[in-house]
Chemist: 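Below: one structure in structure tokens.
Note: hydrogens, waters and symmetry copies are ignored here, and every other heavy atom, side chains too, is used. When a ligand or atom number is given, it counts from 1 through the structure's own listing order.
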Amino acid sequence: MTKRDDSPAARTATATLLQHHPYRPPAGFESAQLPSYRASTVLFENVAQMRARRWRDQSGYTYGLHGTPATFALERRLCDIEGARHAVLCPSGLSAIALVDMALLRSADEVLIPSNAYAPGREFAQHMLQAWGIVARIYDPLRPESVRALMGPRTRLMWLEAPGSVSMEMPDLRALVALAREHGVTTAIDNTWSAGLALKPFELGIDVSMQALTKYQSGGADVLMGAALTCDDALHDALLDAHMRLGLGVGGDDVSLMLRGLGSLPLRYAAHDAAARQIAAWLQRRPEVAQVLHPALPGSPGHEFWLRDFRGAAGLFSLRLHADFGPRRIDAFVDALRLFGIGYSWGGPMSLAVPYEMQAMHAAADGDAAPPSAANLVRLNIGLEHPQDLIDDLEQALRAARPG
Ligand SMILES: *Cc1c(COP(=O)(O)O)cnc(C)c1O
């Protein structure tokens with residue numbers, strides 16, 4: 001042992017050393033999954049490399065907001081699911097909707113939104129976009145020909161959603177896309193229900209696909225994230241510019257959770273689908289139930305378009321109870337459920353139930369026409385419990401809430 005210690009540790013204060021302790025991923029070590037990259041700062045080798053920085057095409061790293069190896073990997077995997085060329089990640093599904101709107105619309109432009117669209121996305125258009133001089137027009141998704149009358153020279157963007165949120169009507173996507181194309185209008189679909197598995201929007205000629213990854217891609221009901229995907233380089237550039245200017249970053253640990261969820265996505269989606277169809281078919285035979293709104297069930301609005309365009313269905317559907325179930329009995333039904341949690345969102349492992357009075361919601365919010373199937377609804381998210389246990393639970397809750 002020498003008397004004088006010349007090691008860096010001896011010459012450098014501990015506080016400094018702790019910031020500059022060398023870390024390199026060890027050679028010869030590779031984990032099966034990507035590590036969690038937590039980064040605001042990204043280090044460059046030297047100033048020349050910093051000056052030559054590139055990030056737009058995922059060929060380099062510049063700053064945490066503009067991508068890490070993990071965000072790029074997640075974007076690539078999402079592209080592979082849907083057959084997209086490009087993707088950008090956002091902190092939530094709703095922020096991905098807002099990103100698409102802000103990237104593609106300018107003052108005096110007009111945007112078309114289906115009446116059964118995810119309500120917070122519609123409200124973003126009706127409140128924020130309208131305040132910026134952008135006009136939001138609400139259309140009936142079950143009457144594509146009626147949309148023609150709403151189109152003008154300033155119509156820039158048509159939102160699609162399949163099926164509609166909560167009321168679950170399946171639109172004729174091909175007819176709506178044809179109409180948009182005829183008028184040179186860009187199309188964007190909220191494709192969350194299909195998780196990108198059951199519907200391939202780019203095969204139908206849709207320009208942008210938006211996903212709330214919060215739902216099935218995560219699968220855990222424990223992380224929020226969204227994405228906007230496209231095959232069009234110019235549209236991706238516009239999305240990327242807006243994404244950069246708005247600073248829509250996602251957390252490194254959230255990206256890890258999302259990558260972890262993706263591995264089991266097809267298996268989970270198939271399980272949710274099978275269980276939901278079994279339960280929906282059982283509900284269809286119940287005397288308390290007026291209508292089951294599940295696109296894969298004959299008799300559900302737009303079922304023929306689901307048959308034509310989809311290769312599967314989500315575990316999310318709604319039922320309409322008979323009129324003698326007023327709002328009070330509907331609440332009693334939901335309260336009586338033991339295995340269904342009462343809560344928003346869906347796609348997670350636990351079943352959930354939410355009562356909706358959509359006519360009232362629409363009238364109070366904006367005086368718009370409500371979606372076609374709006375009254376006395378309960379939306380069910382079918383989780384990963386045993387389907388027979390869920391059926392037994394629904395049966396006892398229907399009994400408990402039944403009038404008379
Ligand atoms: C949940 C949801 C969103 C929004 O996703 P968040 O991550 O909760 O913001 C958008 N569209 C649909 C159809 C949804 O169900």
Side-chain angles (χ1 to χ4, degrees), residues 74 78 82 87-102 111 113-128 141 157 159-171 173 187-199 201 206 208-229 243 246 248-251 254-255 257-258 261-262 265 269 272 276 293-295 302 306 310 313-318 341 343-348 350-354 356 358 361 371 377-383:
L74 178 54
L78 294 172
E82 285 194 57
V88 288
L89 301 174
C90 295
S92 66
L94 181 54
S95 64
I97 294 173
L99 172 74
V100 172
D101 283 331
M102 287 190 280
V111 54
I113 299 174
S115 61
N116 56 5
Y118 176 68
R122 194 190 64 230
E123 285 160 19
F124 174 76
Q126 291 180 316
H127 295 275
M128 314 247 355
L157 177 64
W159 273 102
L160 307 161
E161 195 164 327
S165 270
V166 186
S167 51
M168 297 287 155
E169 304 91 349
M170 184 59 76
L173 290 172
T187 47
I189 187 168
D190 184 331
N191 195 26
T192 303
W193 191 79
S194 97
L197 295 170
L199 179 75
I206 295 168
V208 176
S209 173
M210 169 268 151
Q211 287 285 340
L213 306 176
T214 306
K215 310 293 166 51
Y216 285 123
Q217 288 81 354
S218 142
D222 54 2
V223 53
L224 291 152
M225 202 175 291
L229 300 96
H243 188 264
L246 289 162
L248 295 176
V250 292
D254 288 350
V255 173
L257 287 171
M258 204 56 77
L262 280 193
L265 173 65
Y269 193 83
H272 289 290
L293 297 154
H294 185 310
W306 176 83
F310 281 66
L316 185 82
F317 66 94
S318 294
Y344 291 107
S345 202
W346 47 279
M350 183 199 280
S351 289
L352 301 170
V354 183
Y356 281 92
M358 296 193 81
M361 252 167 66
L377 293 185
V378 177
R379 188 184 73 176
L380 300 180
N381 168 59
I382 303 304

Chemist: Mind checking whether Thr214 and Ser345 have side chains closer than 4.5 Å, heavy atoms only?
Modeler: yes
Chemist: List in chain and number order the residues that pass side-chain contact (heavy atoms from CB on, under 4.5 Å) with Ser194, two or more places apart in sequence or in another chain; answer none if no residue qualifies.
Modeler: Asn191, Ala198, Leu199, Tyr269, Phe310
Chemist: Under 4.5 Å between any side-chain heavy atoms of Met225 and Ser92, yes or no?
Modeler: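 Sidechains of Ser92 and Met225: no contact.
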Chemist: Would you mind listing each N/O atom of ligand 1 next to any protein N/O under 3.5 Å, plus the distance?
Modeler:
from     : atom 1 : to     : atom 2 : distance (Å)
ligand 1 : 7 (O)  : Gly93  : N      : 2.7
ligand 1 : 7 (O)  : Thr214 : OG1    : 2.6
ligand 1 : 9 (O)  : Gly93  : N      : 3.2
ligand 1 : 9 (O)  : Leu94  : N      : 2.8
ligand 1 : 11 (N) : Asp190 : OD2    : 2.6
ligand 1 : 15 (O) : Lys215 : NZ     : 2.6
ligand 1 : 15 (O) : Trp346 : NE1    : 2.9

Chemist: Under the side-chain contact (heavy atoms from CB on, under 4.5 Å) rule, collect the residues that match up with Leu352, sequence neighbours excluded.
Modeler: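 Leu352 satisfies side-chain contact (heavy atoms from CB on, under 4.5 Å) with Met350, Asn381 only.
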Chemist: So, the side chain of Glu82 versus the backbone of Pro201: is there a donor-acceptor pair under 3.5 Å, distance only?
Modeler: no
Chemist: Could I get the full list of side chain to side chain donor-acceptor pair (under 3.5 Å) partners for Trp159, not counting sequence neighbours?
Modeler: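 For Trp159 the side chain to side chain donor-acceptor pair (under 3.5 Å) partners, ignoring immediate neighbours, are Asp101.
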